[in-house]
S.K.: 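What follows is a single structure, and I will ask about it in a moment.
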There are 2 protein chains.
Amino acid sequence: MTKSETKKLLLKDVARLAGVSEMTASRALRGTADVSKATRARVEEIARTHGYVPNRIAGSLSSQSVNLVAVVVPSLNSFVFPEVLSGISSVLKETPLKPVVGVSGYELEEEEEVIREMLSWRPSGLIVAGLEHSEATRRMMAQADCPVVEVMDVDGTPVGHCVGISHLQAGRDMAAQILARGYRRIGFIGTKMPQDFRARKRFDGFIEGLSEQGVTLMDREHYAGESSIQTGRQLTAQMLERNPDLDCIYYSSDVMSVGGLMHCLGAGLSVPGDVALAGFNNLQILQGLPLDLATTDACRREIGERAAKIVLQAREAEKPLAPICTRLSPPISLGQSL
Amino acid sequence: MTKSETKKLLLKDVARLAGVSEMTASRALRGTADVSKATRARVEEIARTHGYVPNRIAGSLSSQSVNLVAVVVPSLNSFVFPEVLSGISSVLKETPLKPVVGVSGYELEEEEEVIREMLSWRPSGLIVAGLEHSEATRRMMAQADCPVVEVMDVDGTPVGHCVGISHLQAGRDMAAQILARGYRRIGFIGTKMPQDFRARKRFDGFIEGLSEQGVTLMDREHYAGESSIQTGRQLTAQMLERNPDLDCIYYSSDVMSVGGLMHCLGAGLSVPGDVALAGFNNLQILQGLPLDLATTDACRREIGERAAKIVLQAREAEKPLAPICTRLSPPISLGQSL
DNA sequence: AATGTTAGCGTTACCGCTATCGATATCACA
DNA sequence: TGTGATATCGATAGCGGTAACGCTAACATT
């Protein structure tokens, strides 16, 4: 059945075996019109039994179209982007388009390289997390002849389309909630990755929100590297040791606030009695903990879905689409920790 | 700066602007030999300022080589595969090869479609999780003219190369550890996704390990869908309600055992005093919990690294590489929960 | 009978880039 | 001065498909 010695099987081989021209075989396999049922069946049968895999490189070059959507995210470990992807996939599932993922590692230079690589494949769309890019990246995106959607964030100037939430506002809103509940001795724990722009915006918004009501941060801690429960736990311990009278901590990620909760559990502190906790993202790991932690839902799935729909929409349209910018409102859930 | 009205910039345009032939421009941009320093610099300069992005579709068709490695995993949400990816990326980082990820959703049909799509781009390698595939998938992989590496699992018959651990043995080993510590009233909680073959193998091995010492499972519970802390917590609660005298539970995933721990914390049960817990994978979320949970390290990162190295090795070699099968030994850590 | 219509298929000309081979210029050295 | 070696570059011919258009046979229409 499988002579692996056989030379690579080409469309012309399939065509010859089916006794039709290359063109007819091509049409048959792609399901386009102008092929009789009988011929199509014969070609398909031959292709299947011989294990023909079409060469999409040649096909795409010829047809000048690539059914891929490039998706560039900072990380896949961080719990947050897989859900954006899953939103994208669910929308694309019913179309001929397929997502292709690239990882930029929270570094603009790496991002530039990844996007260049992606665009060199001439995809049907580019979805990229964040609004901050190198100058060269912005140029590439502006010149790309495919729709570009920047996602997650709306605080800035998008090159093309844009779907996200305002992290500045998210920080402000959480500050308002915390203040409304009477907390005044407040700490912040967040990443210091210089390029996690969204975490920084939440921080800035949070500070603004506090200061609007005359409150200043009592303590803050910044960490390098990826967020983890472990890190959240350690930094919470340190901060509470320094400031035993803190009554609330805001974290730049749920993963970190879970760590905070773990510390409190271990140290016998009551939440929110001794200290209130709040995170960000509404990650799935919040479900099933001894206590529901306060958080802001970052609308990750919906962001992915909407971004994919914009790409589809741009594909349908014959004119280049006018820039769309969708700002979602991230709901805060207070849980039992505030 | 950016006339977006400009027609798409082609290599021939760059060449013309630089006053050289297309061929020389091509060589200059790809860094191959036979170009003077001065010429190369000029071409690069022009390409950069004009934002030229090479068309890799045309390039690959012409050179009959694609610098991509296809990686097919069942899921990106499950915490486990991102680390395999990260192992792959770290090895590929220093080479011209780039990983491209496809998601099969724990379904063989979807896997078949994803792999077909991947192979249609004629990648330099294919790394796929698991040994179980549809007949058509096996045929495609066997005929593919690139190295194929099946990863994660070694219990079965690989089509090409193989790197992984024995999940059967991992289950057996954990059974031995549990029995050695005197536990006899044992429960199991695991996925019932019919196609999570590795979870099933661990289960089978576990049962074997118990029965070798005359012990049978006291209770078992299977769930559909992705693993989560929430689910682990609920099922643990149910199981302990049915069998309050259980003294140990083995989970098919760490995420689930964390849920078990959460239940115990909430219900005031001591671990391992009232009930011992053990999971699988050695996920990062185990770090920072109130208690170190027992687990088996699935060697995910190393598996990724080794798979990538095999692809590189096959690329160097001129003969098709003889099948390599690497079986890693997953270390068990007992933590404080056994 | 002449003409139009349509389904089904084939021929031609590329898509944008690179492998290959040959051409030319330059320089070292006998 | 001639000879070859070396460095640098260009013309040609594809890579494996598909868009566009052309052609034919068979049937419908007038």
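Letters A, B, ... mirror the listed sequences (proteins, then strands); counts begin at 1.
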S.K.: To the nearest angstrom, how far is A:Arg30 atom CZ from D:dG17 atom P?
M.R.: 11 Å
S.K.: Please pick, from D:dT18, C:dA19, C:dC17, the nucleotide with the shortest atom-to-atom distance to any side-chain atom of A:Ser62.
M.R.: D:dT18
S.K.: When the distance from CZ of B:Arg27 to C1' of C:dC17 is rounded to whole Å, what number comes out?
M.R.: 13 Å
S.K.: In whole Å, I'd like the distance from the CG atom of B:Leu10 to the C1' atom of C:dC15.
M.R.: 10 Å
S.K.: Over how many whole Å does the gap from B:Asn55 atom CG to C:dC17 atom P extend?
M.R.: 5 Å
S.K.: Within this structure, what is the CG-to-P distance between A:Asp145 and C:dC15, rounded to whole angstrom?
M.R.: 15 Å
S.K.: Which nucleotide, D:dC15, D:dT18, C:dG10, lies nearest any side-chain atom of B:Leu61?
M.R.: D:dC15
S.K.: Round to the nearest Å and state the distance from B:Ile57 atom CD1 to D:dT18 atom P.
M.R.: 13 Å
S.K.: What integer distance in Å separates B:Asp34:CG from D:dT8:C1'?
M.R.: 7 Å
S.K.: Quiz question: going by heavy-atom distance under 3.5 Å, is there a donor-acceptor pair between the base of C:dT18 and the side chain of B:Ser63?
M.R.: no
S.K.: Starting from P on D:dG16, measure out to CD on B:Gln64 and report it in whole angstrom.
M.R.: 4 Å
S.K.: Hydrogens and angles aside, do A:His133 and A:Glu112 bring a side-chain donor and acceptor to less than 3.5 Å of each other?
M.R.: no
